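The structure under discussion appears below in the form of structure tokens.
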Amino acid sequence: MNTKRRALPVLLERDFRKLAATQGATVEIECVSAPNPDERFSGEWLFYVVSPAGERFLLVTALARERIVNSPIGMFGLAFGKLNLDRLDVPAVAGAVCTGMRSLPGGSDPLE
């Protein structure tokens, strides 16, 4: 299932990471399709950043398509390697959103 959410403001990864690293910004993860326990890699999740002013931005690819994460490795890599989140809350029901995660200073993949 690939839902379209481009009506929202969108950000490429570098800009997404910069906004996530600002004081007062939070990261949200939305479950687009629920993981299937019978399949090793299943499920689809989208990442959003909410600015301190309350604006919500979707993480997109260079072609302005939704950047859908569909593996545990991708989820951990983005959450901890790129965004350096304080915790990882992953929704497991389609349509559910986990909120309030914060990007901490530092990390293994610093901003340019």
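Bear in mind that the values here come from a model prediction, so they are computed numbers and not experimental data.
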Checklist entry - Has the side chain of Ser42 got a donor or acceptor atom that lies under 3.5 Å from a matching backbone atom of Asn36? => result yes
Next on the checklist: Name the residue from Glu30, Glu28, Glu66 that meets the side-chain contact (heavy atoms from CB on, under 4.5 Å) definition with Leu58.
Outcome noted: Glu66
Next on the checklist: On a heavy-atom basis, which atom in Val90 and which in Leu88 lie closest, and how many Å separate them?
Outcome noted: CG2-CG, 3.6 Å
Next on the checklist: Testing the basics here: between Ala20 and Ser103, what is the closest heavy-atom pair and its distance to 0.1 Å?
Outcome noted: O-CB, 3.2 Å
Checklist outcome for this item: In short, Ser33 meets Ala94 closest at the heavy-atom pair CA-CB, 4.3 Å
Item to check | Side-chain heavy atoms of Phe57 within contact of Val10, under 4.5 Å | outcome: no
Next on the checklist: With rounding to the nearest 0.5 angstrom, report the CZ to CZ distance, Phe16 to Arg67.
Outcome noted: 9.5 Å
Next on the checklist: I want to check something: taking the side chain as every heavy atom from C-beta on, are Ile68 and Glu44 in contact at a cut-off of under 4.5 Å?
Outcome noted: yes
Item to check | Within-4.5 Å side-chain heavy-atom neighbours: Thr26 and Met101 | outcome: no
Next on the checklist: I need the Leu11 CG to Arg56 CZ distance, nearest 0.5 Å.
Outcome noted: 12.5 Å
Checklist entry - Are Ser51 and Thr22 side-chain neighbours, meaning at least one heavy-atom pair lies under 4.5 Å? => result no
Next on the checklist: With a 4.5 Å cut-off on side-chain heavy atoms, are Ile29 and Leu46 touching?
Outcome noted: no
Next on the checklist: Between Pro35 and Trp45, is there a side-chain heavy-atom distance shorter than 4.5 Å?
Outcome noted: yes
Checklist entry - For the atom pair NZ (Lys18) and CG (Leu12), what is the distance rounded to the nearest 0.5 Å? => result 11.5 Å
Item to check | Side chain Asn84, main chain Leu104, donor-acceptor under 3.5 Å | outcome: yes
Checklist outcome for this item: In short, Gln23 meets Pro52 closest at the heavy-atom pair O-CG, 3.2 Å
Next on the checklist: Is there a path of hydrophobic side-chain contacts, each under 4.5 Å between heavy atoms of I/L/V/M/F/W/Y residues, joining Val49 to Phe76?
Outcome noted: yes
Item to check | Student check: side-chain heavy atoms of Thr99 and Val50 closer than 4.5 Å | outcome: no
Next on the checklist: Please determine whether side chain to side chain contact (heavy atoms under 4.5 Å, CB included) holds for the pair Glu13 and Leu59, giving the CA-CA distance in whole Å, both sets of side-chain angles, and the decisive distance to 0.1 Å.
Outcome noted: CA-CA 6 Å; Glu13 184 177 299; Leu59 176 61; 4.1 Å; yes
Checklist entry - Quick one: does Leu83's side chain get under 4.5 Å of Phe47's, heavy atoms only? => result yes
Checklist entry - In terms of side-chain geometry, is the basic nitrogen of Arg17 or Asp15 positioned less than 4.0 Å from the acidic oxygen of its partner? => result no
